[in-house]
**Q** 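Got a structure for you, questions after.
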Amino acid sequence: MKQIYSSFHEAVKDIKDHSTIMVGGFGLVGIPENLILALVESKVKNLTIISNNCGVDDWGLGLLLKNKQIDKMVGSYVGENKEFERQVLAGELEVELTPQGTLAEKIRAGGAGIPAFYTPAGVGTPIAEGKEVRTLNGKEYLLQEGLAADFSLVRARKGDHHGNLVYNKTARNFNPMMAAAGTMTIAEVEELVEPGELEADAIHTPGIYVQGLIEGKQEKRIERYTVKAEA
Amino acid sequence: MAVQKDKVVIREMIAKRAEQEIENGYYVNLGIGMPTMVANYIQPEKEVVLQSENGLLGIGRSPYEGEVDPDLINAGKETVTASVGAAYCDSAESFAMIRGEHLDLAILGGMEVAENGDLANWMIPGKMIKGMGGAMDIVHGSKKVVIIMDHVNKHGDAKILKACKLPLTGKGVVDRIITDRAVLDVTEEGLKLIEIVEGWTVDEIKASTEAELIVSEELLQMSE
């Protein structure tokens, strides 16, 4: 049985300054919003964050950024955040941009015991600088290294006491790979259920990857509310 | 010189021409911005599956007001629905589909394209870099990569060049370019002009393209 936390404050208490943390989500979808809020309150600093995006100015990882808790950001797209731009231009924030598919695979590799792999993405671009290029079957590839983290904070629709997780729709995104790549993975779940309630065949993240869970209610803010007019 | 058309009309024209690249049964990735508009013009008789790199195989229409699910978005972070028969997956799986060349077609935007198929569409030196997102992976995975963009930039300078000046997104990755003035194919012999939009002449296209052009013998008039 896994550690079940009773407060978000307690869930993040082991996270110290200078930690490397993976945070699930694509845009604001699938982010562990309450764990992020708890990190903001904890005031831990000099963090390296690995996440596809960095939130928006007033929500998600943007809150950690505003609080100057992040030293380095590894992601694929960070264009939704003015404070991000300001800190980069002021030299306060280090950024490592990685093609999205490469980022996903680096994290997958990190959790799967694969130290590095070759991928075509980025050949002949600024991403290739300083990286080994190898020709395989007549095509050029870049060597990319796997990524791991001290902590992974993920968000799931449901989780059970064994740590098994099920995600909802496109809120799955980077969460499963990050769950596997974190030394200590903490899952924020919308609903904590008893073992056996999740169908074993339908589990997205097997519980072995998860060390602790907490149930919480999310706001689920929407970045680009797009609707079709009723006919 | 062709009469300057309204921007919206031009985007619609490009999107409609790009739709003709989509064949029945295709799996397609549409980039953010103008490429996303192509979905609005897909002929109903075509059965097409649209892939969204954030983990949705089967993008549906935009939701009605009461239907919005905050956990369901496309790669442009807009709320969407899933089509009947759609599948969700994680980001690694999504890019395995892309990198593994399982997609038939990708339609993306472009800042510059070179005659050898090099593409630049993610950063301008000196300006804030927002990131490449999934573009660098998508240009390598799809069986065919079509770039849709204006033929020239807002200063009237060519965007189809002998060599890209901006940092690349991918090297030798573009198969076809569709603009508001013409359609061009990247071939082993060089860049081939295969269609011209009504109102433009071959000489005008050549003058607004830095790259050398081979003019296709069966040059078609692009219908509007």
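All heavy atoms count here, side chains included; hydrogens, waters and symmetry mates do not. Order of the sequence lines sets the chain letters (A, B, ...), proteins ahead of strands, with each chain counted from 1. Remember, it's a predicted structure, so these values are computed and weren't measured experimentally.
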**Q** Calculate, to the nearest 0.5 Å, the distance between atoms NZ and CG belonging to A:K169 and B:N54 respectively.
**A**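 Atom-to-atom, A:K169:NZ and B:N54:CG are 13.5 Å apart.
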**Q** Sort A:Q218 into side chain, backbone, both or neither according to what part of it lies under 4.5 angstrom from a heavy atom of chain B.
**A**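 For A:Q218, neither part sits under 4.5 Å from chain B.
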**Q** Let's test your reading of the structure: which of A:E140, A:K220, A:K139 forms the most heavy-atom pairs below 4.5 Å with chain B?
**A** A:K220
**Q** So which part of B:E53 gets closer than 4.5 Å to some heavy atom of chain A, the side chain, the backbone, both or neither?
**A**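 Its backbone and side chain both get close to chain A.
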**Q** Does any heavy atom of chain A fall under 4.5 Å from the side chain of B:I129, the backbone, both, or neither of them?
**A** both
**Q** Report yes if the side chains of A:T125 and B:M136 come closer than 4.5 Å at any heavy-atom pair, otherwise no.
**A** yes
**Q** What part of A:I127 gets closer than 4.5 Å to chain B, counting heavy atoms only: side chain, backbone, both or neither?
**A**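 Interface part for A:I127: side chain.
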**Q** Out of A:A104, A:A171, A:G101, A:G79, which one racks up the most heavy-atom pairs below 4.5 Å with chain B?
**A**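 Of A:A104, A:A171, A:G101, A:G79, A:G101 has the most heavy-atom pairs under 4.5 Å with chain B.
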**Q** For chain A, find which of B:A120, B:A135, B:A75, B:G172 contributes the most heavy-atom pairs closer than 4.5 angstrom.
**A**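 That would be B:A75.
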**Q** Inspect the surroundings of NZ in B:K144 and state if more than 12 heavy atoms from other residues, nucleotides or ligands are less than 6.0 Å away.
**A**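 Atom NZ in B:K144 is crowded, with more than 12 foreign heavy atoms closer than 6.0 Å.
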**Q** Is it the backbone or the side chain of A:K106 that comes under 4.5 Å from a heavy atom of chain B, or both, or neither?
**A** neither
**Q** Considering all heavy atoms of both residues, which atom of A:A121 and which atom of B:H140 are nearest to each other, and what is their separation?
**A**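 For A:A121 and B:H140, the tightest heavy-atom pair comes out as CA-CD2, 3.8 Å.
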**Q** Please identify, among B:K171, B:E78, B:R61, B:E67, the residue contributing the most non-hydrogen atom pairs under 4.5 Å to chain A.
**A**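 The answer is B:E78.
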**Q** Do A:P99 and B:W122 have side-chain heavy atoms sitting under 4.5 Å apart?
**A** no
**Q** Tell me, side chain or backbone of A:V95 under 4.5 Å from chain B's heavy atoms, or both, or neither?
**A**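 Nothing of A:V95, per the 4.5 Å heavy-atom cut-off to chain B.
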**Q** Do the side chains of B:S91 and A:N173 get nearer than 4.5 Å, heavy atoms only?
**A**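 They are in contact (side-chain heavy atoms under 4.5 Å apart), so the answer is yes.
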**Q** For A:E219, is it the side chain, the backbone, both, or neither that has a heavy atom closer than 4.5 Å to a heavy atom of chain B?
**A**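 Nothing of A:E219, per the 4.5 Å heavy-atom cut-off to chain B.
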**Q** Quick check on A:P120 against chain B: is it the side chain, the backbone, both or neither that has a heavy atom closer than 4.5 Å?
**A**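 Looking at A:P120, backbone and side chain both touch chain B.
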**Q** If I take atom CD from residue A:Q100 and atom CD1 from residue B:I98, how far apart are they, to the nearest 0.5 angstrom?
**A**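 If I round to the nearest 0.5 Å, the distance is 8.0 Å.
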**Q** Tell me, for A:A229 versus chain B, whether the close heavy atoms (under 4.5 Å) come from the side chain, the backbone, both or neither.
**A** backbone
**Q** Would you call A:H204 and B:D90 a side-chain contact if the rule is heavy atoms closer than 4.5 Å?
**A**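 With C-beta onward as the side chain, the pair stays apart.
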**Q** For the residue pair A:E105 and B:F95, establish whether any side-chain heavy-atom pair is separated by less than 4.5 Å.
**A**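 Contact flag for A:E105/B:F95 side chains = no.
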**Q** Are any non-hydrogen side-chain atoms of B:K77 and A:Y77 less than 4.5 angstrom apart?
**A**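 Touching, per the 4.5 Å side-chain cut-off.
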**Q** Report which part of A:N175 has an atom under 4.5 Å of a heavy atom belonging to chain B: side chain, backbone, both, or neither.
**A** neither
**Q** Which answer fits B:S94, side chain, backbone, both or neither, if we ask what part of it has an atom under 4.5 Å from a heavy atom of chain A?
**A** neither
**Q** Between B:G134, B:G55, B:P167, who has the most heavy-atom pairs with chain A when the cutoff is under 4.5 Å?
**A** B:G134
**Q** How far does CD of B:E93 sit from CE of A:M177, to the nearest 0.5 angstrom?
**A**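 CE of A:M177 is found 10.0 Å from CD of B:E93.
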**Q** At a heavy-atom distance under 4.5 Å, which candidate from A:R108, A:E223, A:E230 has the highest pair count against chain B?
**A** A:E230
**Q** Which pair of heavy atoms, one from B:Y88 and one from A:R172, lies closest together, and at what distance?
**A**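 In this case the closest contact between B:Y88 and A:R172 is O-NH2, 3.6 Å.
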**Q** Among B:G141, B:G76, B:G66, which residue has the highest count of heavy-atom pairs closer than 4.5 Å to chain A?
**A** B:G76
**Q** Just give me the residue among B:A82, B:C89, B:G133 that pairs up with chain A most often, heavy atom to heavy atom, under 4.5 Å.
**A** B:G133
**Q** When only pairs under 4.5 Å are counted, which of A:G30, A:P126, A:A128, A:G75 shares the most heavy-atom pairs with chain B?
**A** A:P126
**Q** A side-chain contact here means heavy atoms from C-beta on lying under 4.5 Å apart; do B:D71 and A:R157 qualify?
**A** no
**Q** Could you tell me which portion of B:A86 (side chain, backbone, both or neither) has an atom closer than 4.5 angstrom to a non-hydrogen atom of chain A?
**A** neither
**Q** Please flag which part of A:R86 lies under 4.5 Å from any non-hydrogen atom of chain B: side chain, backbone, both or neither.
**A**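 No part of A:R86 comes within 4.5 Å of chain B.
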**Q** So which atom in B:L168 and which in A:G124 form the shortest heavy-atom distance, rounded to 0.1 Å?
**A**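 Result for this residue pair: CD1-O, 3.5 Å.
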**Q** Please name the pair of heavy atoms, one in B:S62 and one in A:V227, separated by the smallest distance, quoted to 0.1 Å.
**A**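 So the two residues come closest at CB-C, 4.0 Å.
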**Q** Decide yes or no for A:N168 and B:D69: does some side-chain heavy atom of the first lie under 4.5 Å from some side-chain heavy atom of the second?
**A**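 Touching, per the 4.5 Å side-chain cut-off.
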**Q** For chain B, which candidate among A:T98, A:N52, A:N81, A:I107 shows the most heavy-atom pairs at distances under 4.5 Å?
**A** A:T98
**Q** So, does A:T170 use its side chain to make a donor-acceptor pair with the main chain of B:I73 at under 3.5 Å?
**A**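 Yes.
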**Q** Between CG of A:L89 and CE of B:M128, what distance do you get to the nearest 0.5 Å?
**A**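 The distance works out to 6.0 Å.
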